[in-house]
Amino acid sequence: MFYAPMSSRHSGFGETSNPLWSMPLPRWNPCFPLEFYEWLHATDFLCLQLVCECVLCCFSCVWEFEILPCDSEPAFGQMFSSSLAQSFLPEFISGDFDSIRPEVREYYAIKGCEIISTPDQDHTDFTKCLEVLQRKIEEKDLQVDMIVTLGGLAGRFDQIMASVSTLFQAPQITSLPVIIIQEESLVYLLQPGKHKLHVDTGMEGDWCGLIPVGQPCNQVTTTGLKWNLTHQTLSFGTLVSTSNAYDGSGVVAVETDRPLLWTMAVKL
Amino acid sequence: ACKGTHPLDPSRSLKYCLVILNQPLDKCFRHLWHKAHLKACADGGANRLYDVTEGERESFLPEFISGDFDSIRPEVREYYAIKGCEIISTPDQDHTDFTKCLEVLQRKIEEKDLQVDMIVTLGGLAGRFDQIMASVSTLFQAPQITSLPVIIIQEESLVYLLQPGKHKLHVDTGMEGDWCGLIPVGQPCNQVTTTGLKWNLIQFFFSFMDRTFGIIAKHSVQPFLWFCVLETYLTFQEK
């Protein structure tokens with residue numbers, strides 16, 4: 001499997017004239033990064049896979065993805081002409097390096113990508129990568145609005161949960177919103193308070209949900225959903241909102257007293 | 001206590017029922033099917049069964065298929081109905097097909113006075129993220145539906161909800177993989193103690209908000225007895 005590459009020719013999306021970019025939390029559009037994906041339909045984009053040592057680095061106008069060519073899938077390998085591969089170099093690769101293949105590490109090192117070892121076994125590669133990323137953002141004084149993560153929502157169940165856990169730790173690492181996308185699922189952790197999500201980009205799929213992963217949320221109120229909540233409790237064992245949908249208004253408002261995981265379908 | 005991977009261990013004589021959810025069926029499915037005392041599909045799970053048993057479908061007929069039937073293909077539903085499988089509509093939109101399937105299953109178990117030890121569910125841990133969470137949510141509701149332990153298996157992952165109290169898990173069947181984990185889904189677990197893990201806990205506060213959660217996901221299990229005092233998931237790899 002491979003990441004669908006993102007060309008720097010789409011730099012226009014970084015322009016501040018796009019009102020969605022300048023929209024601060026809580027009013028933001030979880031789908032707006034996905035407008036980048038419109039061109040992907042021409043490239044047999046199939047699925048995304050987490051590379052433990054990498055996170056998507058978003059620098060002002062240019063989005064770069066980590067690419068992991070898979071030798072066992074020659075059909076996909078053909079997509080990677082040397083010129084293509086040259087265009088998709090991450091700023092850095094971090095992790096404990098128990099997963100990255102030696103030739104992959106060597107390739108990116110030779111190409112000038114920073115290889116940063118984060119051996120701490122008390123945290124996942126994703127968490128540590130966010131820490132490195134935040135440091136880079138500060139060092140370079142980058143003005144960015146969010147961090148988009150590809151992968152982490154499939155495969156080993158404990159690692160899916162570990163990805164979710166990182167979202168809980170993210171606010172201590174960075175003030176930027178962190179979202180995770182894999183296949184048709186997007187997840188984003190809503191902190192306590194009020195949130196307004198614009199879901200009228202046309203890239204939203206059919207379903208959405210509110211998942212009280214870490215603890216019961218005792219006061220949840222929503223509008224804009226097919227099945228709304230009014231000062232209700234969401235908790236595993238009582239009520240979890242899954243297979244919800246939209247009421248067509250284009251805006252979902254959520255108020256919660258505890259961190260609450262928002263999940264939705266996205267159409268890539 | 002849950003016997004972990006024993007349904008897959010041919011040397012054991014554990015009796016179980018099988019529920020198939022709407023996810024690709026794993027290789028272990030055939031072995032599990034023939035040893036199950038009652039087999040059921042939840043809605044689109046019937047599509048999966050139908051597709052993967054082409055050429056030998058008559059050897060893989062569930063006792064019933066339940067759900068709101070928004071996923072099952074018409075020809076699949078018709079095939080199993082003609083073959084005598086019970087088609088049970090459970091339209092309630094406040095509960096998932098999985099939850100409702102467990103309710104029907106429990107009723108069948110009581111009607112037939114089946115002596116089984118557990119319910120094994122295939123699928124539910126991949127695909128749409130909200131549906132993965134819905135599967136987990138059903139494990140929380142399961143104790144109100146059935147007294148039988150309910151486990152979910154998909155690919156290399158197995159999950160089982162440990163109720164408050166002490167649990168002893170035998171992980172020496174040879175079918176365990178390299179990893180396991182304790183996940184405090186739903187609420188923090190304030191008093192967690194373990195033995196038998198590579199990284200054990202002594203009275204840890206365990207929550208998604210606590211960085212110590214990250215430790216558990218990388219543990220490996222020694223073939224040894226261990227206790228957990230918490231309400232979480234245990235996951236470990238099936239071979």
Side-chain angles (χ1 to χ4, degrees), chain A residues 96 98 120-124 126-128 152-169 171-172 180-187 189 205-216 226-227 235-244 258-259 261-265, chain B residues 68 70 93-94 96-97 124-144 152-159 161 177-188 198-199 207-219 231-237:
Chain A
D96 58 11
D98 60 356
D120 178 12
Q121 291 300 299
D122 286 349
H123 299 283
T124 64
F126 179 21
T127 303
K128 293 177 288 185
L153 303 181
R156 276 173 50 171
F157 184 78
D158 66 331
Q159 288 182 345
I160 298 175
M161 293 293 100
S163 301
V164 170
S165 176
T166 295
L167 291 184
F168 279 78
Q169 295 161 22
Q172 283 88 53
I180 307 179
I181 300 174
Q182 180 157 7
E183 290 180 46
E184 65 162 320
S185 299
L186 178 152
V187 298
L189 184 64
D206 298 331
W207 59 264
C208 58
L210 290 163
I211 320 290
V213 177
Q215 56 188 300
K226 187 170 179 183
W227 288 280
S235 122
F236 275 84
T238 307
L239 178 66
V240 175
S241 176
T242 63
S243 295
N244 210 328
R258 301 274 173 81
L261 200 66
W262 163 256
T263 182
M264 63 188 291
Chain B
D68 56 11
D70 60 355
Q93 292 300 296
D94 285 346
T96 63
D97 289 329
L125 304 181
R128 276 171 48 170
F129 184 78
D130 69 327
Q131 289 184 343
I132 297 175
M133 294 294 101
S135 303
V136 169
S137 177
T138 295
L139 292 186
F140 279 75
Q141 293 161 19
Q144 283 84 55
I152 307 178
I153 299 174
Q154 180 158 6
E155 291 179 48
E156 63 165 321
S157 298
L158 179 153
V159 296
L161 183 62
D178 298 330
W179 57 269
C180 63
L182 295 161
I183 322 289
V185 176
Q187 55 186 295
K198 188 171 178 178
W199 287 281
S207 81
F208 268 84
M209 280 68 76
D210 192 318
R211 284 176 180 245
T212 59
F213 165 72
I215 301 174
I216 300 299
K218 288 194 174 223
H219 286 191
E231 182 175 322
T232 69
Y233 287 96
L234 160 69
T235 69
F236 48 104
Q237 182 186 33

- Task: With sequence neighbours left out, write down each residue that passes side-chain contact (heavy atoms from CB on, under 4.5 Å) with A:T242, or none if nothing qualifies.
- Result: A:I211, A:V240, B:T96, B:D130, B:A134

- Can you sort out the partners of B:I132 under side-chain contact (heavy atoms from CB on, under 4.5 Å), two or more places apart, ordered by chain and number? A:F157, A:I160

- Is it the side chain or the backbone of A:L239 that comes within 4.5 Å of chain B heavy atoms, both, or neither? neither

- Which portion of A:P216 sits near chain B, non-hydrogen atoms under 4.5 angstrom: both

- Note on the structure: The interface call for B:Q131 against chain A, heavy-atom contacts under 4.5 Å, is side chain

- Task: Mind running side chain to side chain contact (heavy atoms under 4.5 Å, CB included) on A:S243 and B:R128 for me, showing each step along the way?
- Result: CA-CA 10 Å; A:S243 295; B:R128 276 171 48 170; 3.1 Å; yes

- Item | Nearest heavy atoms of B:G127 and A:S185, plus distance in Å | O-OG, 4.0 Å

- Message: Does B:D70, at its CG atom, have more than 12 non-hydrogen atoms belonging to other residues, nucleotides or ligands within less than 6.0 Å?
- Response: yes

